[in-house]
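On a predicted model such as this, the values are computed, not experimentally measured, just so you know. Below, read A as the first sequence line, B as the second, and so on, with proteins coming before strands; counting in each chain starts at 1.
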Number of protein chains: 2
Amino acid sequence: MNVVNESPRRKELTRLAAQLFVQEGFDRTTVRMLAQEMGIKSGSLFHHFRDKQEILAAVIEEGTENALQIARSALASCDNTPQARLHAMARAHLETLLTDRNAHVVALYEWRRLDPDARDHLSHLRDAYEALWEQVIDEALAAGLIQGDRFLVSRFVMGALNWTVRWYDPEGPRKPEDLARELIGMITSPRAVPAAPSTIV
Amino acid sequence: MNVVNESPRRKELTRLAAQLFVQEGFDRTTVRMLAQEMGIKSGSLFHHFRDKQEILAAVIEEGTENALQIARSALASCDNTPQARLHAMARAHLETLLTDRNAHVVALYEWRRLDPDARDHLSHLRDAYEALWEQVIDEALAAGLIQGDRFLVSRFVMGALNWTVRWYDPEGPRKPEDLARELIGMITSPRAVPAAPSTIV
DNA sequence: GGTTTACACTAGCGCTTGCTTGGTTGACCT
DNA sequence: AGGTCAACCAAGCAAGCGCTAGTGTAAACC
């Protein structure tokens with residue numbers, strides 16, 4: 001049995017599982033359904049994963065690690081101003097929700113189906129991601145770009161962003177860039193909003 | 001079998017079901033667990049509800065109708081300024097999340113477990129509620145209190161508010177009033193934020 | 001050439017699920 | 001006294017569940 005997400009085969013199976021978990025929900029997705037989607041028989045599934053729980057954990061781990069990596073590189077490559085960093089985080093968050101949508105929907109909706117061990121491990125990953133946000137928001141507060149309580153502002157912002165998975169349509173006219181700009185514009189003082197990056201037409 | 005939520009007995013059973021659905025999730029809550037929590041045998045449950053699905057629909061219907069009613073009376077009894085109406089809606093929303101927490105958590109997390117008929121009926125209720133929000137936000141936009149795209153602003157605000165069910169602690173120091181004030185303060189221009197109501201110390 | 005490894009198969013065990021059936025109880029009405 | 005009705009119960013059915021056991025096979029390695 002594979003134990004790490006490194007195996008390409010396992011990675012592909014994880015991706016398929018994420019899709020089914022979104023469609024049906026974790027509990028209603030049976031191992032037989034998973035196996036069929038993967039083109040194998042249900043027994044063969046347990047060669048790749050110890051049990052059904054481990055598939056859920058793999059899905060969430062994959063998505064969260066990607067989000068963390070994207071956010072870090074977005075912060076590393078943007079201007080070093082509070083505005084630019086805030087914008088980069090929002091944009092990175094929304095782009096992750098687009099490219100890794102299934103995994104993130106699963107993470108948001110099925111978190112409580114994780115057993116305690118997996119939840120413990122994965123909450124460290126999630127905390128690392130949220131810490132990035134809180135740091136960027138702290139900088140914006142210190143610069144007077146936004147006002148309010150540090151804790152509440154970060155919760156509100158992450159709530160607004162995470163909620164997008166319930167209504168955002170990737171096929172629609174609005175791009176992640178647009179959403180990010182609008183959100184940052186909404187929470188910053190009007191006079192403080194910088195011009196949009198030059199990539200926008 | 002009862003068919004309306006009017007029966008007091010059924011209303012009480014619905015309340016208990018909401019609690020279990022939050023604790024365990026809809027799919028993992030068995031009819032035997034529900035029956036035990038209600039102090040009856042599993043077969044007796046089907047005297048009150050046609051099937052398990054109907055219990056879920058009853059829970060969500062109850063919560064949404066309460067939210068709608070509270071929001072309407074909050075709007076009816078507040079000052080007729082965009083600020084006051086915005087604030088009243090946010091506060092009403094958060095207070096509903098507090099008093100009817102279980103039902104709302106179920107509505108947010110288990111919506112997709114509804115069968116198409118129930119979903120159709122309940123989405124009309126939900127649309128009526130969201131229409132209240134969009135109206136109030138339109139007024140705030142027209143008054144120049146906030147800026148941005150009508151659609152996006154309302155989604156962001158509702159996202160921030162709904163997300164509170166994931167982190168808000170009713171036992172903590174922050175009251176719904178505080179959260180509402182902070183959120184409105186965050187999205188409105190600083191100079192436009194009115195003084196807090198006199199009930200705040 | 002023999003052994004190991006990765007991946008897949010068939011068959012089915014033991015258990016739980018939502019729901020049904022047929023019948024009982026006790027409060028209330030006429 | 002006789003009838004009604006909501007509320008409940010004991011028992012169990014058919015279907016589906018996660019997972020295991022044991023086996024086959026083709027490629028990779030020594």
Side-chain angles (χ1 to χ4, degrees), chain A residues 1-60 106 110 112-119, chain B residues 1-60 106 110 112-119:
Chain A
M1 188 191 63
N2 296 318
V3 284
V4 283
N5 270 3
E6 305 300 318
S7 149
R9 178 71 172 143
R10 182 169 151 135
K11 219 157 191 167
E12 169 66 6
L13 298 181
T14 301
R15 206 185 53 81
L16 287 169
Q19 188 185 337
L20 258 183
F21 287 163
V22 169
Q23 272 175 41
E24 307 287 332
F26 176 70
D27 291 321
R28 291 175 101 89
T29 304
T30 69
V31 293
R32 287 165 178 83
M33 292 163 65
L34 286 165
Q36 190 175 18
E37 192 77 10
M38 297 166 178
I40 57 179
K41 299 298 175 185
S42 71
S44 314
L45 217 158
F46 295 91
H47 170 74
H48 300 278
F49 303 93
R50 188 170 351 109
D51 52 23
K52 196 187 165 191
Q53 273 282 330
E54 196 179 88
I55 308 180
L56 177 60
V59 167
I60 297 184
V106 170
E110 314 286 359
R112 309 175 35 147
R113 303 290 160 265
L114 290 167
D115 62 30
D117 285 348
R119 199 180 318 193
Chain B
M1 188 191 64
N2 296 316
V3 285
V4 282
N5 270 3
E6 305 300 320
S7 149
R9 179 68 173 145
R10 181 168 151 136
K11 218 159 191 165
E12 170 66 6
L13 297 182
T14 302
R15 207 184 52 80
L16 287 170
Q19 188 185 337
L20 258 183
F21 287 162
V22 169
Q23 271 174 42
E24 307 287 333
F26 176 69
D27 290 322
R28 290 176 102 88
T29 304
T30 69
V31 293
R32 287 165 179 81
M33 292 162 64
L34 286 164
Q36 189 175 19
E37 192 76 11
M38 298 166 177
I40 58 180
K41 297 299 175 184
S42 72
S44 314
L45 218 159
F46 295 90
H47 170 74
H48 300 279
F49 303 93
R50 187 170 352 108
D51 52 24
K52 197 187 165 191
Q53 273 281 330
E54 196 179 88
I55 309 181
L56 177 60
V59 166
I60 296 183
V106 171
E110 314 286 358
R112 309 175 36 148
R113 303 292 159 263
L114 289 167
D115 61 31
D117 285 348
R119 200 181 317 194

Residue [X], side-chain atoms from C-beta onward, closest of [options]:
| X | options | value |
| --- | --- | --- |
| B:Arg32 | D:dC17, C:dT17, D:dT20 | C:dT17 |
| B:His48 | D:dA7, C:dC19, C:dA8 | D:dA7 |
| B:His47 | D:dA7, C:dG18, C:dA6 | D:dA7 |

Atom-pair distance ([atom1] on [X]; [atom2] on [N]), nearest Å:
| X | N | atom1 | atom2 | result |
| --- | --- | --- | --- | --- |
| A:Leu20 | D:dG18 | CG | P | 12 Å |
| B:Glu12 | D:dA7 | CD | P | 13 Å |
| A:Phe46 | D:dG18 | CZ | P | 7 Å |
| B:Lys41 | C:dG22 | NZ | C1' | 18 Å |
| B:Arg9 | C:dA27 | CZ | P | 16 Å |
| A:Glu54 | D:dC19 | CD | P | 11 Å |
| B:Asp115 | C:dG18 | CG | C1' | 15 Å |
| A:Leu34 | D:dC19 | CG | P | 11 Å |

Base, sugar-phosphate, or nothing for A:Thr30, non-hydrogen atoms under 4.0 angstrom?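 Touches sugar-phosphate only.
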NA contact type, A:Lys52, heavy-atom cut-off 4.0 Å: base, sugar-phosphate, or nothing?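 Result for A:Lys52 = sugar-phosphate.
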Pair B:Glu12 + B:Arg15, salt bridge at N-O below 4.0 Å: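 Yes, charged N to carboxylate O under 4.0 Å.
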Exam field: side chain [X] to backbone [Y], donor-acceptor pair closer than 3.5 Å:
| X | Y | answer |
| --- | --- | --- |
| B:Arg28 | A:Arg113 | no |
| B:Glu54 | B:Phe49 | no |
| A:Ser44 | A:Ile40 | no |

Does D:dC9 have OP1 or OP2 under 4.0 Å away from a side-chain N or O of B:Ser44?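 It does, given that an N or O in the side chain of B:Ser44 lies less than 4.0 Å from OP1 or OP2 of D:dC9.
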Using heavy atoms to find the nearest nucleotide of DNA chain C for B:Ser42 and A:Ser42 separately, return the residue whose nucleotide is more 5′.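 The residue whose closest nucleotide sits nearer the 5' end is A:Ser42.
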Both A:Thr29 and B:Ile40 contact DNA chain D. Taking the nearest nucleotide for each, which residue is further toward the 5' end?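 On the 5' side of the pair lies B:Ile40.
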Any B:Val106 side-chain heavy atom under 4.5 Å of B:Phe26 side chain: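 Counting from C-beta outward, B:Val106 and B:Phe26 never come under 4.5 Å.
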